[in-house]
Amino acid sequence: MDIYKSAEELDISSSDVTKKYKALMIQTVASTGATFTIKAITASNETVELDGVLDGRGTAHIIFPIMVIKVFSTGSTINSDHRLYGLN
């Protein structure tokens with residue numbers, strides 16, 4: 001089990017985030033399902049898209065344990081009820 005010492009909220013609404021994170025976490029306060037897509041570059045320099053549906057009735061957060069070095073503003077779609085965090 002991974003243990004993370006810090007969580008930094010990421011704002012990708014207007015620009016890319018270029019910083020190394022051990023994992024990404026997305027959480028929601030929405031009571032109905034809302035889709036998300038996170039486009040990122042991993043530490044092994046691969047471009048990946050993480051997507052799914054998240055709502056407050058079931059799983060309220062998901063942790064993606066992949067090391068990333070960049071999260072894209074363009075290509076990522078996150079509902080206004082979702083929050084994205086970089087974990088270290």
Side-chain angles (χ1 to χ4, degrees):
M1 181 164 123
D2 289 329
I3 297 176
Y4 305 104
K5 296 178 182 172
S6 67
E8 178 181 343
E9 186 169 1
L10 307 179
D11 179 11
I12 59 169
S13 62
S14 59
S15 63
D16 298 345
V17 172
T18 305
K19 189 174 177 181
K20 188 181 285 187
Y21 296 103
K22 292 180 182 177
L24 294 176
M25 178 176 72
I26 188 163
Q27 76 177 118
T28 188
V29 295
S31 59
T32 59
T35 62
F36 65 88
T37 301
I38 303 166
K39 185 176 178 183
I41 296 179
T42 66
S44 58
N45 211 25
E46 297 174 306
T47 301
V48 298
E49 285 189 13
L50 310 167
D51 58 359
V53 178
L54 197 61
D55 66 47
R57 295 175 297 171
T59 304
H61 70 280
I62 298 174
I63 295 175
F64 296 100
I66 61 168
M67 187 166 290
V68 299
I69 57 174
K70 184 174 187 175
V71 181
F72 290 97
S73 173
T74 303
S76 295
T77 55
I78 298 178
N79 183 288
S80 62
D81 291 328
H82 290 126
R83 302 291 179 264
L84 179 64
Y85 298 90
L87 305 177
N88 276 319

May I have the list of side-chain donor-acceptor pairs in residues 34-41 shorter than 3.5 Å, sequence neighbours left out?
none

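- In this structure, L84 is a member of the same hydrophobic cluster as I66, with clusters built from ILVMFWY side-chain heavy atoms closer than 4.5 Å.
- For the atom pair OG1 of T42 and NZ of K70, the computed distance is 13.0 Å after rounding to the nearest 0.5 Å.
- Contact of the T28 side chain with the N79 side chain is not registered, since no non-hydrogen atoms from C-beta on lie closer than 4.5 Å.
- Taken together through direct or relayed side-chain contacts under 4.5 Å among Ile, Leu, Val, Met, Phe, Trp and Tyr, L87 and L54 form parts of separate hydrophobic clusters.
- Scanning all heavy atoms of the two residues, the minimum distance from I26 to F64 falls at CG2-CE1, 4.1 Å.
- Remark: N88 engages S6, Y21, K22 in a side-chain contact (heavy atoms from CB on, under 4.5 Å) (not counting sequence neighbours).
- In the hydrophobic clustering of this structure, V48 does not group with Y85; members are Ile, Leu, Val, Met, Phe, Trp, Tyr whose side-chain heavy atoms approach within less than 4.5 Å, directly or through other members.
- Residues S73 and S14 approach most closely at OG-C, 3.8 Å, considering heavy atoms.
- Hydrophobic clustering, with ILVMFWY side chains joined whenever heavy atoms are under 4.5 angstrom apart, keeps L50 apart from M67.
- Distance CG/D16 to OG1/T74: 6.5 Å, rounded to 0.5 Å.
- Contact record, M25 with I63: CG-CG1, 3.8 Å, taken as the closest heavy-atom pair.
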